[in-house]
Amino acid sequence: MNKGNLIYEGKAKKVYETDDKDVVLVDYKDDATAFNGLKKGTIVGKGVVNNKVTNFMMQLLEKEGVKTHFIKEVSDRETLVKRVSIVPLEVIIRNISAGSFAKNYGVEEGIVFDEPTIEFSYKNDDLGDPLINSYHAIALKLATKEEIELIKQMAFKVNEVMKKFFLSVGVELVDFKLEFGRTSDGTIVLADEISPDTCRFWDSKTHEKLDKDRFRRDLGNVEDAYNEMSKRILGQ
Ligand code: UDP
């Protein structure tokens, strides 16, 4: 499959056309941003870790019956995925309080919830990705009622599969962000990435942060955290 024109360059990935109109190639970069692009930096080796970790998770989820955009890993940083139109929603699932939840609702980090929570942000950099509810998403025609229902079900299923897996490698899955897309025939699939950039991972014993919060909060040992997650997930 030949790498064609660059279609899109985001904060952490580039997307290229291929010979097949329904397939694109994703190329993961080491660039890191936080706070809607205000903080910028490089995390050496992040692109390789995020590519491989995402692909491992997508394949695990496929095995458990979740439809994803994953097709094939083609190099350390590159993967072929189904071309989708992204539903402009960030879907966030939380098992433990942290980040904006703790800040917005005035609680400490680390409260374990009885049930996971779900929330949506409208993917729109100019507006700063505002929090919206499912009625707003339907009113704004970001997705249909049926699509929202399916996305909710899929997101909770992803949480169950991932929570169980991460527990087995000594990691608490605190929260994470998912994105969904529509394939050319309108099927909703899980898209984007699942990595230390988009999930909060805490060591089960020490509660040490093993994710992008080390970069966001200048905690140091950022590369070590990404490599540690890679080792636990992939055994390398
Ligand atoms: N997240 C993400 N991209 C975003 C915002 C959040 O991947 O643009 C992830 C983040 O890594 C965390 C979860 O979603 O795992 C919840 O993030 P939160 O709402 O607490 O926002 P933050 O504190 O990161 O600003």
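Numbering of ligands and ligand atoms starts at 1, following listing order. Residues take their numbers from the sequence shown, with the count starting at 1. Computed from heavy atoms alone, side chains included, the values below leave out hydrogens, waters and symmetry copies.
Here the heavy atom of the protein found nearest to atom 18 (P) of ligand 1 is Ser100 OG, 3.3 Å. Closest to atom 6 (C) of ligand 1 among all protein heavy atoms lies Ile92 CD1, 4.3 Å. For atom 1 (N) of ligand 1, the closest non-hydrogen atom on the protein side is Lys177 CB, 3.7 Å.
At a threshold of 4.0 Å, the pair Arg200-Asp211 does not count as salt-bridged, since none of the basic side-chain nitrogens sits closer than that to a carboxylate oxygen.
Checking only distances, Arg200 does come within under 3.5 Å of ligand 1, N or O to N or O. The shortest N/O to N/O separation between Glu90 and ligand 1 falls below 3.5 Å.
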Handout entry: Residue pair Lys209, Val174: steps toward the side chain to side chain contact (heavy atoms under 4.5 Å, CB included) verdict
Key = CA-CA 10 Å; Lys209 295 185 197 317; Val174 176; over 6 Å; no

**OP:** Mind running side-chain hydrogen bond (donor to acceptor under 3.5 Å, both in side chains) on Glu193 and Thr198 for me, showing each step along the way?
**Re:** CA-CA 7 Å; Glu193 65 178 289; Thr198 63; 5.0 Å; no

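Each of the atoms 14 (O), 15 (O) of ligand 1 lies under 4.0 Å from some heavy atom of Phe176. Counting atoms of ligand 1 from 1 in the listed order, those under 4.0 Å from a heavy atom of Gly99 are 20 (O), 23 (O). Applying the 4.0 Å criterion to heavy atoms of Asp175 picks out, from ligand 1, the atoms 12 (C), 13 (C), 15 (O), 16 (C).
In this structure, the side chain of Ser230 does not engage the main chain of Val49 through any donor-acceptor pair within 3.5 Å. Glu179 places no side-chain N or O within donor-acceptor distance of the main-chain N or O of Val87, the cut-off being under 3.5 Å. Remark: the backbone N or O of Lys3 is not paired with any side-chain donor or acceptor of Thr18 at under 3.5 angstrom.
The shortest separation from a heavy atom of Arg216 to ligand 1 is under 4.0 Å, placing the residue in contact. Using a 4.0 Å heavy-atom cutoff, Asp197 is listed among the residues neighbouring ligand 1.
For residues 34-48, the pairs satisfying side-chain hydrogen bond (donor to acceptor under 3.5 Å, both in side chains) are Lys39-Asp218, Lys46-Asp197, with sequence neighbours left out.
Distances from atom 25 (O) of ligand 1 to the protein include no heavy-atom value under 4.0 Å.
By the side chain to side chain donor-acceptor pair (under 3.5 Å) test, Arg232 is found to be paired with Asp203, Glu228, residues two or more places apart in sequence or in another chain being considered.
With Ile93 as the partner, the side-chain contact (heavy atoms from CB on, under 4.5 Å) test is satisfied by one option alone out of Leu173, Thr117, Ile118, Val158: Ile118.
Contacts of Cys199 with ligand 1, taken as heavy-atom pairs under 4.0 Å, involve the backbone alone. Under 4.0 angstrom from ligand 1, there are no non-hydrogen atoms of Lys212.
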